[in-house]
Amino acid sequence: MVDGDGAVAGRSPRHRPLRRDAVANRERLLAAAVTTLLRRGSAATLSQIAEEAGVGIGTLYRRYPTRDALMEALQARAFGLVIERVKEIEAAELPGIDALRMFLQRTVDHGSQLVMPAHGAPASVSAEVHRLRGELHGRIAAMVERGVRDGSVRPDLTARDLITFGSLIAIPQPGAADWAALMGRQIDLFVDAARAST
């Protein structure tokens with residue numbers, strides 16, 4: 001028998017890939033969780049998240065039996081989203097300084113979807129989250145190093161600098177109007193500071 005997540009009853013869903021509809025259902029749940037957390041804060045309940053997703057609480061519990069399990073899934077989703085954006089930037093083969101700018105712009109574009117420790121989420125002990133975090137940090141370090149090698153990025157800029165600044169601009173501050181435009185100026189200032197002197 002197959003349950004709503006595409007797993008055969010009695011077998012862990014890790015042993016076979018999720019069906020396309022199960023992947024869509026999972027994404028809907030996680031997107032609803034992010035929306036609910038943004039709207040209601042950390043006090044949001046699993047019942048409120050299920051309601052936002054338009055599913056029964058049983059469906060949510062079957063996939064994420066505890067709040068910790070849901071938070072781990074949200075962090076894995078967030079790291080995955082950023083990794084995909086970095087891969088797109090890598091494929092564009094831009095000069096290093098332009099790649100940094102695009103990374104920061106994309107960070108602002110999808111910042112509200114990023115449930116990460118840097119934004120207040122509890123640190124996860126999940127092996128998958130740890131793996132994704134390591135992959136992301138490695139890709140960001142490589143992006144910075146490419147910019148240093150092509151002469152467009154100052155040699156003392158580090159991946160930590162870029163990650164720290166990205167974390168600061170990702171989530172809109174309460175009451176801030178037109179966050180994207182406001183952060184556009186901050187990105188300009190950061191990129192100017194990160195540019196190699198000529």
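Counting from 1, the numbers follow the sequence of the chain as shown. Keep in mind that this is a model prediction, so the values were computed, not measured.
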Problem - Residue pair Thr45, Arg67: steps toward the side chain to side chain contact (heavy atoms under 4.5 Å, CB included) verdict - result: CA-CA 9 Å; Thr45 66; Arg67 188 178 184 84; 5.7 Å; no
Handout entry: Pairwise distance CZ(Arg185) to CG(Leu182) - rounded to 0.5 angstrom
Key = 9.0 Å
Practice task
Could you grab the distance from atom OG1 of Thr164 to atom CG of Leu168, nearest 0.5 Å is fine?
Solution key: 7.0 Å
Practice task
Before giving the answer on side chain to side chain contact (heavy atoms under 4.5 Å, CB included), spell out for Leu30 and Leu70 the whole-Å C-alpha distance, their side-chain angles and the decisive distance to 0.1 Å.
Solution key: CA-CA 8 Å; Leu30 295 178; Leu70 177 61; 3.8 Å; yes
Exercise for the section: Following the transitive rule for hydrophobic clusters with a side-chain heavy-atom cut-off under 4.5 Å over Ile, Leu, Val, Met, Phe, Trp and Tyr, establish whether Leu29 and Ile57 coincide in one cluster. Expected result: yes
Practice task
Indicate, with yes or no, if Ile163 and Leu189 share a hydrophobic cluster defined by side-chain heavy-atom contacts under 4.5 Å among Ile, Leu, Val, Met, Phe, Trp and Tyr.
Solution key: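 Looking at the clustering, Ile163 is in a separate group from Leu189.
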Give me each pair satisfying salt bridge (charged side-chain N to carboxylate O under 4.0 Å, His left out) with a member in [range], each pair once, sequence neighbours excluded.
| range | answer |
| --- | --- |
| residues 123-144 | Glu90-Arg139, Glu128-Arg131, Arg131-Glu135, Glu135-Arg139 |
| residues 143-152 | none |
| residues 163-173 | none |
| residues 158-168 | none |

Practice task
Please tell me if the side chains of Gln75 and Leu132 come closer than 4.5 Å, counting only heavy atoms from C-beta onward.
Solution key: no
Practice task
Look at the side chain of Arg195 and the backbone N and O of Ser152, then say whether any donor-acceptor pair between them is shorter than 3.5 Å.
Solution key: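 Between the backbone of Ser152 and the side chain of Arg195 there is no qualifying donor-acceptor contact (under 3.5 Å).
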If every non-hydrogen atom of [X] is compared with every non-hydrogen atom of [Y], which pair is closest and at what distance?
| X | Y | answer |
| --- | --- | --- |
| Val144 | Ala159 | CG2-CA, 4.2 Å |
| Val34 | Leu74 | CG2-CD2, 3.7 Å |
| Leu136 | Val86 | CD1-CG2, 4.0 Å |
| Ala69 | Pro65 | CB-CD, 4.2 Å |
| Val108 | Ala180 | CG1-CA, 3.9 Å |
| Arg154 | Asp156 | NE-OD1, 2.6 Å |

Exercise for the section: Could you list the residues that satisfy side-chain contact (heavy atoms from CB on, under 4.5 Å) with Ala32, not counting sequence neighbours? Expected result: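 Ala32 satisfies side-chain contact (heavy atoms from CB on, under 4.5 Å) with Glu52, Ala53 only.
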For a quick test of your reading: what N or O donor-acceptor pairs under 3.5 Å do the side chains of residues 97-106 make, sequence neighbours left out?
from	atom 1	to	atom 2	distance (Å)
Arg101	NH1	Asp188	OD1	2.6
Arg106	NH1	Glu88	OE1	2.7

Practice task
Sequence neighbours left out, what passes side chain to side chain donor-acceptor pair (under 3.5 Å) with Glu72? Give chain and number order.
Solution key: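 Applying side chain to side chain donor-acceptor pair (under 3.5 Å) to Glu72 gives none.
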Fill in the blank from the handout: side chain to side chain donor-acceptor pair (under 3.5 Å) filter on Asp178, not counting sequence neighbours, yields none
Tell me, which pairs form a ring-ring contact (aromatic ring centres under 6.0 Å, His included) where one or both residues lie in [range], sequence neighbours left out?
| range | result |
| --- | --- |
| residues 160-179 | Phe165-Phe190 |
| residues 129-156 | none |
| residues 61-100 | none |

